[in-house]
Amino acid sequence: MKKLELLAPAKNLECGIAAVDHGADAVYIGAPRHGARVAVSNSIDDIRQLCQYAHQFGVKIYATVNTILYDSELSATESMIHDLYEAGVDAILVQDMAILRMNLPPIALHASTQTDNRTARKVRWLRDAGFERVVLARELSASEIAEIHREVPDVPLEVFVHGALCVSYSGLCYASQHCFQRSANRGACAQFCRMKFDLIDADGREIEHQRHLLSLRDLNQLNHLEELVEAGATSFKIEGRLKDVTYVKNVTAAYSQQLNEIVRRHPDRYCRASRGRVSYDFTPDLRKTFNRGFTTYFLNGRQPEIYSPDTPKAMGEYVGKVKELRSGSFNVATTASFANGDGLCFINEEHELVGFRVNRAEGNRLFPHQMPSGLHPGTALYRNSDQEFERRLSRVSAERKIPVVMHLDVTADGFRLSAEGVSVSVECSHQQAEKPQRDNIIRQLSKLGGTPYECSGVELPDGFNYFIPSSLLSDMRRRLVTALGLESSWLHPQAHRVSSSSPSSSLEPYDYPYLYNIANRQACEFYGVSQPTAYELHGGKGPLMQCRHCLRYAMGYCVKHGGKRPQWHEPLSLRLGDGRTFRLEFDCKKCQMNVYAEK
């Protein structure tokens, strides 16, 4: 039976516990250093606490150690990985191949999407190097994922299903380093792709003025999970280690319920990868947490409207159109309800996002603190901050319990209580009860509050009518809960120790040496090269970005896909507000757009 894993993000311990409570089968969290998000590192003690909490439910914890490393950092990183292993971490996500040359504990290694995993050849190479799982590039379609699975069926495949999208293939973006000396491969991305650009042609003619031409919408595969399951993916990853706890709660709950529905329809084929049943105090709604508008990206091949040129900020949910304005207020043609403090926004005629707060809501008549300029009848409104929804999620909003059926049996000298194959016994005389005991027995044995378990039933032998003191029943229940915890105690999985040799399969070559992201001597030894070639150390003459997103296509000028023939003269360039320009190369053979720094 195929186990399906929902993998949720955690920027800290609170988010990690919330992810477990709301239905995650695994959680990924930043290590103390080198976790690809410098702003969200976590202490070993916090990671240990998260492991202890999660493992009660069979939920796994993965720590991200997925930046490139410098020589001065290798020894401390090796020591940190041992600390993570001792804390209970189930696997680490890795980008730098130096880690494969280290003296590691037997911890599982997952190849981060930062290692640019878009072909079966690359996945096979990573398997041969010693990785137990590969995180695929976000740009892959369901059919491309299926092809990789057919060719390398023994490698578990992890795919992103929700959240922010990088416009460049992950691991191959050097724009932030080039422009701001902040390396994306070192966890310090400055979000070059969310900036405004002019689009100009070879004659200097401006085609677009100050638009967010590289800013993608957010991924949302909620209604396409089964396609990804059938393609061969086993882990479904939510992006968001910079997001707050309400995002984690809402998105995790939505995807967990959807996976449960797939399992319900196919109980003979699929099951969840962890234990426990979650009850929710709210209805998940992905529109109500941070999003730039949604896309399924390349799930079914190239499609329009994957980017958001007007704004890189959260749009939220569409709530209706402005109907009529008065002095200090306006009303909305909508079925939505509003609350004081809601955040609303709209795109004005200059293609700018304008946001404002609702000071007072009286039905569908809204009184902003200050009337925004540019608002007029017919304007489409979006809500990017729902106060009522946020209040609901700020409280305890889910509870996760492991259902157990308790069996009470008679022994030669007393009674035995068992559940899940674990039992405890007590010596007690077999005294016939004067009154029926069933209700009291069920009541005493069902008191599992404060434990990971809930009693889903108590089974007694036919004709059972013995008197057992309530104190004895309570003692048996407590000892059984302890025994259940010991029985399900987490043990380190015996991951295969990674070989220090290079993989047997061949790696597809890159056109430019810096694309291998070799930044230290151990990675040099792994690849068999004489010196580091990383862009962060030496720069490079190749592309700063390699993108499947294509502006020709997005603007309707890709002849290959039925677009009209452009009137501009190429090459096209992107120009920042400070005048720096970046040449675009359209590699139609690869169906790819490359971004180069102008000299």
S.K.: For the side chain of D198 and the backbone of I200, is there at least one donor-acceptor N/O pair under 3.5 Å apart?
M.R.: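 Answer holds: no.
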S.K.: For L366 and G363, which heavy atoms make the closest approach, and how far apart are they?
M.R.: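 Closest pair (atom of L366, atom of G363, distance): CD2-O, 4.2 Å.
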S.K.: Is any NZ, NE, NH1 or NH2 atom of the basic residue among R211 and D310 found under 4.0 Å from an Asp or Glu carboxylate oxygen of the other?
M.R.: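 Salt bridge between R211 and D310, a charged N being under 4.0 Å from a carboxylate O: yes.
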S.K.: Is there a side-chain contact between H178 and F582 (heavy atoms, below 4.5 Å)?
M.R.: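 The answer is yes, as the side chains (C-beta and beyond) meet within the 4.5 Å cut-off.
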S.K.: Going from CZ on R241 to OG on S41, what distance comes out if it is rounded to the nearest 0.5 angstrom?
M.R.: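 Result: 8.5 Å between the selected atoms.
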S.K.: Under 3.5 Å, is there a donor-acceptor pair between the H549 and Y307 side chains?
M.R.: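 No, no side-chain donor-acceptor contact under 3.5 Å.
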S.K.: Taking NZ, NE, NH1 and NH2 as the nitrogens, is one of them in R548 or E144 under 4.0 Å from a carboxylate oxygen of the other?
M.R.: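 Salt bridge flag = yes for E144 with R548.
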S.K.: We want to know whether Y596 and E585 form a side-chain donor-acceptor pair, criterion being a heavy-atom distance below 3.5 angstrom.
M.R.: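 On atom types as modelled, these side chains qualify, holding a pair under 3.5 Å.
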S.K.: As a test of understanding, state which of F236, F290, Y255 forms a ring-ring contact (aromatic ring centres under 6.0 Å, His included) with H162.
M.R.: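 Of F236, F290, Y255, ring-ring contact (aromatic ring centres under 6.0 Å, His included) with H162 is met by Y255 alone.
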S.K.: Rounded at 0.5 Å granularity, tell me how far CG in L344 sits from CZ in R357.
M.R.: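 Going from CG on L344 over to CZ on R357, the span is 9.0 Å.
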S.K.: Could you walk me through whether C550 and R302 pass side chain to side chain contact (heavy atoms under 4.5 Å, CB included), step by step?
M.R.: CA-CA 10 Å; C550 174; R302 189 172 288 281; 3.8 Å; yes
S.K.: Please answer whether the main-chain N or O of A188 pairs with a side-chain N or O of R182 as donor and acceptor at a distance below 3.5 Å.
M.R.: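 Present.
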S.K.: Do the side chain of R292 and the main chain of A314 share a donor and acceptor less than 3.5 angstrom apart?
M.R.: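 It does not hold such a pair.
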S.K.: Output yes when a side-chain donor or acceptor of D342 lies under 3.5 Å from a complementary backbone atom of Q387, and no otherwise.
M.R.: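 A pair under 3.5 Å: yes.
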S.K.: Are more than 12 heavy atoms from other residues, nucleotides or ligands located less than 6.0 Å from atom CD of Q181?
M.R.: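 Correct, the count exceeds 12.
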S.K.: Between A253 and P284, which heavy-atom pair has the shortest distance, and what is it?
M.R.: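 Looks like CB-CG, 3.6 Å.
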S.K.: Determine, step by step, whether Q546 and D116 satisfy the side chain to side chain contact (heavy atoms under 4.5 Å, CB included) criterion, reporting the C-alpha distance in whole Å, the side-chain angles of both residues, the deciding distance to 0.1 Å, and the verdict.
M.R.: CA-CA 11 Å; Q546 298 181 38; D116 184 29; over 6 Å; no
S.K.: Answer whether the closest heavy-atom distance between the side chains of L7 and I238 falls below 4.5 Å.
M.R.: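 No, side chains not in contact.
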S.K.: Is S256 reaching over with its side chain to a backbone N or O of T252, donor-acceptor style, under 3.5 angstrom?
M.R.: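 Not a single qualifying donor-acceptor pair exists.
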S.K.: Roughly how far, to the nearest 0.5 Å, is the CG atom of L584 from the CG atom of L214?
M.R.: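 These two atoms lie 7.5 Å from each other.
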S.K.: Between atom OG of S141 and atom CZ of F298, what is the distance when rounded to the nearest 0.5 Å?
M.R.: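 That separation rounds to 10.0 Å.
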S.K.: Whether the side chain of D203 engages the backbone of R205 through a donor-acceptor N/O pair (distance < 3.5 Å, no angle test) should be reported.
M.R.: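 Checking the backbone N and O of R205 against the side chain of D203, no donor-acceptor pair under 3.5 Å is found.
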S.K.: Does a salt bridge link R575 with E206, judged by any charged N lying under 4.0 Å from a carboxylate O?
M.R.: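 A salt bridge links R575 with E206.
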S.K.: Determine whether L199 and M555 satisfy the following criterion, side chain to side chain contact (heavy atoms under 4.5 Å, CB included), listing intermediate values before the conclusion.
M.R.: CA-CA 11 Å; L199 180 65; M555 298 170 65; 3.6 Å; yes
S.K.: Can you find a pair of side-chain heavy atoms, one from F160 and one from L165, that are under 4.5 Å apart?
M.R.: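 SC-SC contact between F160 and L165 ruled out.
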S.K.: Around atom NZ of K560, are there more than 12 heavy atoms of other residues, nucleotides or ligands at under 6.0 Å?
M.R.: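 Counting other residues, nucleotides and ligands, NZ of K560 exceeds 12 neighbours.
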S.K.: Check L375 against L325 and note the closest heavy-atom contact, atom names and distance.
M.R.: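 Taking every non-hydrogen atom into account, O-CD2, 3.5 Å.
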S.K.: Could you walk me through whether S279 and K401 pass the side chain to side chain contact (heavy atoms under 4.5 Å, CB included) test, one step at a time?
M.R.: CA-CA 8 Å; S279 57; K401 295 289 185 179; over 6 Å; no
S.K.: What's the shortest heavy-atom distance between P372 and V354, and which atoms?
M.R.: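 Closest heavy-atom pair between P372 and V354: CB-CG1, 4.1 Å.
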S.K.: Do Y247 and C15 have side chains that approach each other closer than 4.5 Å (heavy atoms only, starting at C-beta)?
M.R.: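 Side-chain contact under 4.5 Å: no.
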S.K.: Are side-chain N/O atoms of T296 and Q303 paired as donor and acceptor at under 3.5 Å?
M.R.: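 On atom types as modelled, these side chains qualify, holding a pair under 3.5 Å.
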S.K.: Less than 4.0 Å between a side-chain N and a carboxylate O, is that true for R287 and D285?
M.R.: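 Between R287 and D285 there is a salt bridge, with a charged N closer than 4.0 Å to a carboxylate O.
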S.K.: Counting distance only, does the side-chain N/O of K2 pair as donor-acceptor with the main-chain N or O of V229 below 3.5 Å?
M.R.: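 Between the backbone of V229 and the side chain of K2 there is a qualifying donor-acceptor contact (under 3.5 Å).
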S.K.: So, applying side-chain contact (heavy atoms from CB on, under 4.5 Å) with D218, which one of T289, N291, T295 is it?
M.R.: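 In the set T289, N291, T295, the residue that makes a side-chain contact (heavy atoms from CB on, under 4.5 Å) with D218 is N291.
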S.K.: Would you call E324 and R365 a salt bridge, using N to O less than 4.0 angstrom?
M.R.: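 So E324 pairs with R365 through a salt bridge.
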S.K.: Is any side-chain heavy atom of R400 closer than 4.5 Å to a side-chain heavy atom of S274?
M.R.: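 In short, these two side chains touch, coming nearer than 4.5 Å.
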S.K.: Could you tell me if the ring centre of F197 sits under 6.0 Å from that of F192?
M.R.: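 Yes, close enough.
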S.K.: Would you tell me whether T334 and R383 have side-chain atoms, one donor and one acceptor, within less than 3.5 Å of each other?
M.R.: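 On atom types as modelled, these side chains do not qualify, holding no pair under 3.5 Å.
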S.K.: Under the 3.5 angstrom rule, does the side chain of N384 hit a backbone N or O of M315 as a donor-acceptor pair?
M.R.: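 Between the backbone of M315 and the side chain of N384 there is no qualifying donor-acceptor contact (under 3.5 Å).
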S.K.: One pair to check against ring pair (Phe, Tyr, Trp, His ring centres under 6.0 Å): Y514 and Y174. What are the steps and the verdict?
M.R.: CA-CA 10 Å; Y514 68 86; Y174 308 95; 5.0 Å; yes
S.K.: For the CG atom of L172 and the SG atom of C166, what is their distance to the nearest 0.5 Å?
M.R.: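 Between atom CG of L172 and atom SG of C166 there are 11.0 Å.
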S.K.: Are any side-chain N or O atoms of K313 and backbone N or O atoms of L353, one a donor and one an acceptor, separated by less than 3.5 Å?
M.R.: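 It does not hold such a pair.
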S.K.: Count the heavy atoms belonging to other residues, nucleotides or ligands that lie under 6.0 Å from NE2 of H266, then report whether that count exceeds 12.
M.R.: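 More than 12 within 6.0 Å, yes.
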S.K.: Show the nearest heavy-atom pair for residues A190 and S176, with the distance to one decimal.
M.R.: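 Heavy-atom minimum between the residues: N-OG, 2.8 Å.
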S.K.: Is there a donor in the side chain of S215 and an acceptor in the side chain of R194, or the other way round, less than 3.5 Å apart?
M.R.: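 Judged by distance alone, the side chains do pair up.
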S.K.: Fit a plane to each ring of H110 and Y62, take the angle between them on a 0 to 90° scale, and name the class: parallel (under 30°), tilted (30 to 60°) or perpendicular (over 60°).
M.R.: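 Answer is perpendicular, since the angle exceeds 60°.
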S.K.: Is a side-chain donor-acceptor pair under 3.5 Å present for Y510 with N517?
M.R.: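 Looking only at side-chain atoms, Y510 and N517 do not form any donor-acceptor pair under 3.5 Å.
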S.K.: When you measure from the side chain of N117 to the backbone N and O of V135, does any donor-acceptor pair fall under 3.5 Å?
M.R.: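 Here the side-chain-to-backbone pair exists.
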S.K.: Under 3.5 Å, is there a donor on one side chain and an acceptor on the other for N185 and Q114?
M.R.: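 Q114 and N185 do have a side-chain donor-acceptor pair below 3.5 Å.
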S.K.: Does R138 count as lying over the ring of Y297, i.e. NZ or CZ under 6.0 Å from the six-ring centre, within 45 degrees of the axis?
M.R.: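 The answer is no; the distance or angle limit is not met.
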S.K.: Ignoring hydrogens and geometry beyond distance, is a side-chain donor-acceptor pair present between Q221 and H224 at under 3.5 Å?
M.R.: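 The answer is no; no qualifying pair exists.
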S.K.: Check whether any side-chain heavy atom of F330 lies under 4.5 Å from a side-chain heavy atom of P377, and answer yes or no.
M.R.: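 The answer is no; the side chains never approach within 4.5 Å.
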S.K.: For a quick test of reading the model, state the closest non-hydrogen atom pair linking A380 to F346 and the distance between them.
M.R.: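 Smallest heavy-atom distance, with atoms named: O-CB, 3.3 Å.
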S.K.: How long is the gap from CD on E388 to CG on L393, to the nearest 0.5 Å?
M.R.: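 Answer rounded to 0.5 Å: 10.0 Å.
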S.K.: Using a strict threshold of under 4.0 Å (side-chain N to carboxylate O), is an ion pair present between E5 and K3?
M.R.: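 No, K3 and E5 are not salt-bridged.
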S.K.: With the side chain counted from C-beta on, respond yes when P309 and H351 share a heavy-atom pair under 4.5 Å apart, and no when they do not.
M.R.: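 No - every pair of side-chain heavy atoms lies 4.5 Å or more apart.
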S.K.: Mind checking whether V159 and L140 have side chains closer than 4.5 Å, heavy atoms only?
M.R.: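 When only atoms from C-beta onward are counted, L140 and V159 do not touch, as no gap falls below 4.5 Å.
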